[in-house]
Amino acid sequence: MIRILVTPDPIDVATEVARVEVEGAGGIASFIGRVRADDGVSTLELEHYPGMTEAALEAVARTAAARWSLAAVTIVHRVGPMGPGERIVLVATAAAHRQAALDACAYCIDRLKTDAPFWKREVTPEGTRWVEVRAADAQRATDWA
Amino acid sequence: MIRILVTPDPIDVATEVARVEVEGAGGIASFIGRVRADDGVSTLELEHYPGMTEAALEAVARTAAARWSLAAVTIVHRVGPMGPGERIVLVATAAAHRQAALDACAYCIDRLKTDAPFWKREVTPEGTRWVEVRAADAQRATDWA
Amino acid sequence: MAIEMLYFAWVREVIGTGHERVDPPAEVETVGALIDWLAASSDTHAAAFENRERLRAAVDQAFVPLDAAIAGAREIAIFPPVTGG
Amino acid sequence: MAIEMLYFAWVREVIGTGHERVDPPAEVETVGALIDWLAASSDTHAAAFENRERLRAAVDQAFVPLDAAIAGAREIAIFPPVTGG
């Protein structure tokens with residue numbers, strides 16, 4: 001069971017986690033990325049490539065599902081403007097045992113940072129700026145290969 | 001912010017995750033362990049050592065909070081009887097960045113399996129049985145040292 | 001010196017109680033010696049403590065190996081390896 | 001052969017549009033050559049494409065290196081390295 005959602009709406013954690021709690025799923029791992037409220041950003045804007053984004057997220061999810069025999073995997077990514085503390089992304093993975101769920105969750109969030117066409121722009125008191133890619137993210141994504 | 005709860009009541013994921021979404025927490029990782037519905041278990045009973053259990057969970061949480069500079073960590077463990085699909089344990093960790101949150105979450109669930117005095121008894125059609133410890137769990141806990 | 005003994009899981013079931021107050025003689029100096037002394041006291045204790053490799057212990061709510069000293073202990077628990085999470 | 005060009009993030013902003021239809025000559029065979037050809041067409045394209053190391057591309061919604069062939073492509077996107085998650 002793979003669920004991919006790219007949406008301008010807030011992410012509902014309870015609903016998304018409950019969705020992956022399918023039969024046989026003894027372990028559920030999840031990750032939520034949020035707009036940090038402590039670095040002067042008043043608004044974060046997420047731009048994406050419609051169509052390619054969903055396909056890229058689905059490819060990440062399918063690869064994880066096959067590699068860790070997942071019972072379910074969900075990736076929800078928000079787009080558009082959002083404020084400090086709001087959720088940008090949620091990954092939830094369900095497997096028979098915990099290590100598969102935990103590893104698959106870490107894999108999905110690492111890979112989507114490099115494999116899915118999203119771009120972040122931060123609005124700060126000093127103006128707006130496009131977020132630069134972090135070298136550590138690229139490295140972490142390739143570490144899974 | 002450390003929260004430890006040992007309770008006979010169902011675990012509310014939305015409430016617990018929202019609680020660790022504190023200022024500065026850019027990444028939230030969580031893990032939920034559930035009673036698997038597919039291995040013939042009709043009831044799982046969790047026995048614990050009151051007092052020592054809470055202290056052991058708090059020690060795990062404090063160690064993780066210091067090691068990964070967590071903004072918040074919550075460990076909720078259910079006790080008493082529960083049915084297939086119900087949540088046994090929830091760990092939620094919040095950090096500035098994702099890797100710290102993910103690693104700390106995996107650490108907490110690995111360590112609590114060996115460091116906290118809980119005992120599982122399964123009720124199946126063939127009778128009741130105390131769950132035996134898995135060698136892999138002991139190994140995984142020591143791998144963090 | 002009275003000690004509050006606590007038993008959990010199948011150790012509790014085999015002994016037939018979850019707690020009891022005991023007063024071992026002074027020469028019982030370790031958890032292992034206490035287990036020996038209790039095993040000699042009744043058939044149910046003997047049955048519960050038959051295989052030492054399946055037993056774990058805590059002294060005053062801290063895990064200890066079976067050769068740990070019990071001097072000054074108020075509460076000692078004997079139980080199987082833990083299986084939470 | 002007309003190609004739908006898509007631009008995202010600051011590439012879109014510098015060029016001043018998110019999409020345009022182009023019809024490069026047959027000798028433009030790779031994404032990199034297409035970028036050169038576009039850069040020669042206007043100052044804004046030239047500005048957006050000034051530093052190749054900051055550009056990434058997708059052909060028909062699949063990431064490709066800049067030396068990838070464009071034969072048969074219907075949709076080509078040029079954008080900065082992605083920063084989601």
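These numbers come from a predicted model, not from an experiment. Numbers restart at 1 for each chain; the letters A, B, ... are given by sequence-line order, proteins then strands. The analysis underlying the following values was restricted to heavy atoms, covering all of them including side chains, and did not include hydrogens, waters or symmetry mates.
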Taking side chain as everything from C-beta outward and backbone as N, CA, C, O, which of these in Ala62(D) sits under 4.5 Å from a heavy atom of chain A? Side chain, backbone, both or neither.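 Only the backbone of Ala62(D) comes within 4.5 Å of chain A.
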Can you give the donor-acceptor pairs under 3.5 Å from side chains of residues 93-100 of chain A to other protein atoms, not counting sequence neighbours?
residue	atom	partner	partner atom	Å
Thr93(A)	OG1	Ala29(A)	O	3.4
Thr93(A)	OG1	Ala101(A)	O	2.7
His97(A)	NE2	Arg36(B)	NH1	3.3
Arg98(A)	NE	Asp110(B)	OD1	2.9
Arg98(A)	NH1	Asp137(B)	OD1	3.0
Arg98(A)	NH2	Asp110(B)	OD1	2.9
Arg98(A)	NH2	Asp137(B)	OD1	3.3
Gln99(A)	OE1	Arg140(B)	NE	3.4
Gln99(A)	NE2	Asp103(A)	OD1	3.3

Heavy atoms of other groups near Glu4(D) CD, more than 12 under 6.0 Å: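 Counting neighbours around CD of Glu4(D), more than 12 heavy atoms of other residues, nucleotides or ligands fall under 6.0 Å, so yes.
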Does atom CG (Asp9(A)) have a neighbourhood of more than 12 heavy atoms from anything else shown, all under 6.0 Å?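 Check passes, neighbour count above 12.
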Can you give me the closest heavy-atom contact between [X] and [Y], atom names plus distance?
{"X": "Thr83(D)", "Y": "Val131(A)", "value": "CG2-O, 3.3 Å"}
{"X": "Val82(D)", "Y": "Val133(A)", "value": "O-CG2, 3.7 Å"}
{"X": "Pro80(D)", "Y": "Trp119(A)", "value": "O-NE1, 2.8 Å"}

Report, in residue-number order, which members of residues 11-21 of chain D are under 4.5 Å from chain A by heavy-atom distance.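 Answer by number: Arg12(D), Glu13(D).
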Examine whether an atom of Glu45(A) lies under 4.5 Å from a heavy atom of chain D, and if so say whether it belongs to the side chain, the backbone or both; otherwise answer neither.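 For Glu45(A), there is no contact with chain D at all, as no heavy atom is under 4.5 Å.
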Chain D neighbours within residues 60-77 of chain A, where any heavy atom lies under 4.5 Å away: His77(A)
Can you pull out the residues in residues 47-58 of chain A with any heavy atom less than 4.5 Å from chain D?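 The residues closer than 4.5 Å to chain D, in numerical order, are Glu47(A), His48(A), Tyr49(A), Pro50(A), Gly51(A), Met52(A).
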Give, for atom CZ of Phe63(D) and atom OG1 of Thr114(A), the distance between the pair rounded to the nearest 0.5 Å.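 One gets 8.0 Å once the value is rounded to the nearest 0.5 Å.
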